[in-house]
Structures are given as C-alpha cells and as structure tokens.
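Just so we're clear, the structure is a prediction, and the values are computed from it rather than from any experiment. Start at 1 with the first residue, then count along the sequence.
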Amino acid sequence: MHIRVLTTMVLLNWWTCGCGGGSDSSPATEAAAGFFADASARLVPPFSHNPAVEGKYEMFENIGSGGGLVDIDNDGDLDIILLNGAWRDSAAANAPLPNRLYRQEGDGRFVEISEAAGLGDSGYSMGLASGDIDNDGDIDLYITQYGPDLLYRNNGDGTFSEIGAAAGINNPRWGCSAAFADFDGDGYLDIFVVNYVHFDPDITCSDRAGRPDYCGPHAYPGENDVLFINRGDGTFRDNSAAAGIADSPGKGLGITVFDADDDGDADVYVSNDSEANFLWINDGRGHFLEEGVAFGLALNENGQAEAGMGIALGDADGDGDADVLVAHLRGESNTLYRNDGGSFRDRSEWSGVAGTSLPMTGFGAAFLDADNDGDPELAVVNGRVTRGPRMGPARPNDFWADYAEPNLFYVNEGAGKFRAAGGLGGAFSSAVHNSRGLAVGDVDNDGGLDLLVMNEGGPARLLKNTAPGRGNWLMVRAVDPRYRRIATGARVIVYAGGKRLVRLVDPACGFLSAHDSRTHFGLGEAETADSMIVLWPDGLRERFPGVAANRHILLSRGNGEAYHD
C-alpha cells in the first residue's frame, strides 16, 4: 500500500471541516444551499440492498452491488434498476433476494415491476451495463455476477428475456464492471467484462484485534477479463484470446471506455485493485495492446500501484479532452490523471482531490456539471472494506455501521481545480453509509443531473438536483439512424457563451453502474448554443446549427453539414 506524502495541515483541515474539507465557505451556508435533496421516498416500496451476510466474511459480500438509470421503455424518462446480493444457492435460502426494476410513471413516481418485466433474478448480482445489442432502438442489459453473468434482451414492450447462454455469453468468473462499445467497427455493440479475483472460501482473514473480517485482494489470484464480440445475429463469441487480453490477469473493479489515443476507436481503461491499471489500446479491428504505463495511467506519480475501485471520466479542466479519476482505498488518495494531449499526468494534489480523500475508501465516482456552469463537479461515494471507527450515527444491529463513511463532493473552480465542499453536496454528503455504486442522470427531465447511490447492505438513495441558481442547459441525443440507437463513442461539441464544451456520448464509466445515455451540457448564462459539432465514431464530422437553451434535442447522423478539418 502506498500512502501519498501530504502535509499534516491538509489532514487537519479535513477533520476540522468534516465532509467539506478544504472549503472556505461556511458549512451552515453550504448546507442551506445544498446541490442535492433526498427523493428516495419516490421509490415505492423502498429498496434495501441485502448481500446475505452469514457471518463467514466472504469477500463478495463487501464489493457490490450496483444498478443504474436506464430508459427501459423508450418513453423519454429514466427508470431505475437496483441489483441485489443473494445466497449463492438461492434454493437453499429462506427467501430469494431478487434484483429490482422501478418504472417511472408520468407523475414522477416509481412503480416496482421486476417480476412482470422479467428482471427479478435472484443470483448474486454485482454490476450493470446498458446498450442496444441488436440495433432495434431498445436498451438491453448486461448484469455481472459472482457466478454466471446475465444478458437481457429488451423485447420492446417493457419486458426482457434472459438470453445469456443462448447468445454465447459464458463468464463463470467473478464479474464486476462491464461496458458496451463497438470495438471492431462493424456497427454492433460488443461487451467488455472486468473480472475480479478467484475467491477461495477456505482463506480467512482477521482485523488487528483478531476478529474475523474481510480479506483484501492480496489473498487471492487475479482473473482475466473477457471480451465478447457481437456477431450481429443476436449471438456473441468470446474473442478474448484473439483480442490479446486473455493472458493478462488482473484484479479489476472499474471500467471506462474512451478514445485514449485519439485515433477514432474505442480503448478500454480498467482499474485494478492493488495492481497496475490496464489501458487496452485498440487497433480499430478489436485487437488490443496494454499500454497503461506508456500513457501514464497504470501507476500514480510515485510509480506505485494503488487499490483501484471506481472510475470517473470527463473533461475536468475544460481543455476538450477526457481526464480520468480513479477512487482508492483509505490511506491512499484518489488519483486524478490529467490528459495532456494523449499522455496522462497524476495531478491529484495540484487539483485538490488528494488530501481530502485520504481517510476514505472510494468506489463509485463521476464528473457531472451539477450547477450547469460548464465545468463538471466531482462526486465520489465511499465505504470501507475492513472494519473501522464509526463515522455516522449509531444504528443498533447494523452490521455495516463499522464500514460506513460519508461521501465526497467537489466543486470545480475552473481549469481542473476542485474544492471539497461537502455542504454543497447536501443530502449526497450528509448521510453516512457503506456506499458502492453511483449513477448519474436527469431523472425528472428538468436539465439538472440527479444521482442514484447504491449502498452495501443499506437503502438505495435517489437524490434530486436542487442546486441554487442553476444555469441553462442542453440535453442531447446523438443518434445514428443506420443503427437505430445512441451513437455510443461519438463526441459532441457545443459552442456557447464563449466556451467550447466537449462531451462523450454514452461513455461507460464508473463502478458496477449504468448512467443516463443522453449527453448533458451546462451552458451557464448563455441562452443559446451558437453551434454544435458531432464527431461520429466512423470519422464523419457534422456541424449542426445553434438552438435555444433549456431543451432536449436530437442530433441525427446525416442531418448536419459534413466538413473536414
């Protein structure tokens, strides 16, 4: 374990200011103007994750689960999927612990329809990914598990069919995060699955007091990740060996997909737990070469591997390219890798994210423009993997109280500088849980990005964006009509208010969770977007005319003006 060298003053500021460490603002003022309010009461009935703890301290109990914000019925609003843990042999359990689907109704309420929709599986689920595998315009789902993964085809009528085995999906390893992307350029979305460790129930661990506790990743060997290539006929083939990833075991937890080398195809970044991270550079035909060290994304600035958990992807510094943040174990800081034109530098301390994150264990993380000013904020959900001092209110008989931690919220002050401002996080920062998954999306279609937080052994929390003085906005659906789906991997550029804003379309990123596939732009005080450009995955560049702010718009390939640089 590497501990980043920081001054004592930084840590004193953290504990003095609480969750708003490093903030110059009054905590009382920030709390009164928090960016997020708890809207979980809209989940009827309420959901509480249950990892089926049996007192054996088996590692998979303490890693997931996730979920996501997905429009499963194409009605224009987001629905909620929440994954559950279960007994490994559900038939032997007293009761199944199924996954849950909540459909959003026209009045903003959510109705639980899991069984009717065919999504009430009771396996040991971990992570969720969403994408359209058959180009029919409906979102399909991939669920990783401790056990065989699941692939759900959307039937187009609000129901799903599990087709994993029939479609050639075979991943018996411990799957964690997954992502859909067109890795070979044939127009069909493929699936990259990040696998964790080979768990051995005969290996046990204890804390410093000699009490049983969860083992860390060093106790088990890592696993190979898996790439499933879409054949275009509803089936997949395991292309891991041919793609060059089959003989590189890691201890993967998080994933993001983006064009790291700016050559027009989808590359894969995987965060590994206590080992060097992977950056799989794609040659455009679905063959990969691991280049994490060469690009500066494998290790921190001191050449140390860290306990990689969740990943956030976004233009943190406003220079038009994608930066990466990886969340880490307490005693290590979260690491922000700044993209300097295709190579990456650890700028964690300079950016302001290092010191405040040292006492926490981060999992889900996301860049999001919470106040619509054009600069993305940073949200990180936290929760320990080993027992520690209680940081929240006493909850009798709460097994996870010794693992719970507050979340971290950072305001972007421009040019990639962040200020920890827990009070501005409102309900996101004030609650103390053992948090894991984090999904981002505009749940109520008001132009403000909302949050869904999944807690280990605790309640899921839906957090509505209530940022005061929120700026103007655009929500963009960039669609390729040839494939009848969101143009995953495209880049949208919006010019507004003297700014050039660059966002990726449907970027898979984070930890065990699926986000809103629409592309959000905060425009600040600008009342119009002057012009828009889409860089489509196949290399076509199109310019679209400007539009008024505060609306949802569709940009369709072929309807813009093609141009060349």
Side-chain angles (χ1 to χ4, degrees), residues 1 3-4 6 8-23 25 27-28 30-31 34-38 40 48-49 51 53 57 61-64 206-209 211-214 216 307 309-310 327-334 352-365 378-410 418-438 451 453-461 463 511:
M1 177 187 298
I3 299 177
R4 197 182 294 272
L6 294 165
T8 304
M9 183 61 69
V10 171
L11 293 178
L12 286 175
N13 283 343
W14 163 259
W15 291 115
T16 301
C17 299
C19 298
S23 170
S25 302
E30 291 187 343
F35 279 27
F36 297 98
D38 199 322
S40 305
S48 186
H49 177 254
V53 172
Y57 290 87
E61 298 171 356
N62 198 17
I63 297 299
S206 59
D207 65 12
R208 293 179 179 178
R211 298 171 295 181
D213 207 348
Y214 293 102
M309 314 289 195
H328 291 130
L329 190 72
R330 59 175 171 162
E332 302 172 346
S333 76
N334 296 338
V353 306
T356 48
S357 63
L358 267 174
M360 305 298 170
T361 294
F363 278 91
L378 172 63
V380 184
V381 300
N382 299 311
R384 301 186 187 115
V385 290
T386 55
R387 192 182 289 110
R390 292 197 175 187
M391 302 182 73
R395 292 188 288 263
N397 303 317
D398 183 358
F399 177 85
W400 297 108
D402 293 337
Y403 299 82
E405 294 178 332
N407 301 323
L408 289 170
F409 183 75
Y410 297 85
F418 290 88
R419 173 173 59 89
L424 282 180
F428 173 76
S429 305
S430 60
V432 181
H433 291 282
N434 193 28
S435 299
R436 292 294 183 264
L438 173 67
L451 300 176
V453 178
M454 283 69 71
N455 295 310
E456 184 75 15
R461 301 175 66 228
L463 304 172
F511 177 73

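In terms of heavy atoms, Arg390 sits closest to Asp398 at NH2-O, 4.0 Å. What you find for Gly383 and Phe363 is that their closest heavy atoms are O-CE1, 3.2 Å. Here the shortest heavy-atom pairing between Ala427 and Leu463 reads CB-CD2, 4.0 Å. Residues Glu332 and Leu358 approach most closely at C-CD2, 3.6 Å, considering heavy atoms. Between Ala354 and Ser333, the closest heavy-atom pair is O-CB, 3.3 Å. The two residues Pro459 and Ser48 have their closest heavy-atom pair at N-OG, 3.8 Å.
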Practice task
Go through Trp400 and Asn62 one step at a time and tell me if the side-chain contact (heavy atoms from CB on, under 4.5 Å) criterion holds.
Solution key: CA-CA 9 Å; Trp400 297 108; Asn62 198 17; 3.3 Å; yes

Practice task
For Arg330 and Thr386, run side-chain contact (heavy atoms from CB on, under 4.5 Å): C-alpha distance rounded to whole Å, both residues' side-chain angles, the deciding distance at 0.1 Å, then the answer.
Solution key: CA-CA 10 Å; Arg330 59 175 171 162; Thr386 55; 3.3 Å; yes

Handout entry: side-chain contact (heavy atoms from CB on, under 4.5 Å) assessment of Val380 paired with Ser357
Key = CA-CA 9 Å; Val380 184; Ser357 63; over 6 Å; no

Practice task
Output, in order, the C-alpha distance, side-chain angles, deciding distance and verdict of side-chain contact (heavy atoms from CB on, under 4.5 Å) for Val353 and Phe418.
Solution key: CA-CA 7 Å; Val353 306; Phe418 290 88; 4.2 Å; yes

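Contact annotation: the side chain of Phe511 approaches that of Ile63 to within less than 4.5 Å [non-hydrogen atoms, C-beta and beyond]. Between Met454 and Leu438 there is no side-chain heavy-atom pair separated by less than 4.5 Å. Side-chain contact between Arg461 and Val381 is absent, with no heavy atoms from C-beta onward closer than 4.5 Å.
Under the 3.5 Å distance criterion, the side-chain polar atoms of Asn334 are matched with a main-chain donor or acceptor of His328. Side-chain N or O atoms of Arg384 include one that pairs as donor or acceptor with a backbone N or O of Asp402 at under 3.5 Å.
Qualifying ring-ring contact (aromatic ring centres under 6.0 Å, His included) partners for Phe428, counting only residues two or more places apart in sequence or in other chains: none. Take Arg208 and apply the salt bridge (Lys or Arg N to Asp or Glu O under 4.0 Å) test, not counting sequence neighbours, and it matches no residue. Residues meeting the side chain to side chain donor-acceptor pair (under 3.5 Å) test with His49, sequence neighbours left out: Ser65. Contacts of Ala404 classified as side-chain contact (heavy atoms from CB on, under 4.5 Å), with partners at least two apart in sequence or in another chain: Arg395, Val432. Looking at residues two or more places apart in sequence or on another chain, you find a side chain to side chain donor-acceptor pair (under 3.5 Å) between Arg387 and Tyr57, Asp207. Remark: Asp213 pairs with Tyr403 by the side chain to side chain donor-acceptor pair (under 3.5 Å) rule, at least two apart or across chains.
Remark: Phe35 CZ to Ser429 OG distance equals 10.5 Å, nearest 0.5 Å. The distance from the NE2 atom of His433 to the CD atom of Glu405 is 13.0 Å, given to the nearest 0.5 Å. Annotation: the span from Asn407 atom CG to Phe36 atom CZ amounts to 11.0 Å, rounded to 0.5 Å.
Checking Thr361 against Asn382 by side-chain atom types alone, no donor-acceptor pair falls below 3.5 Å.
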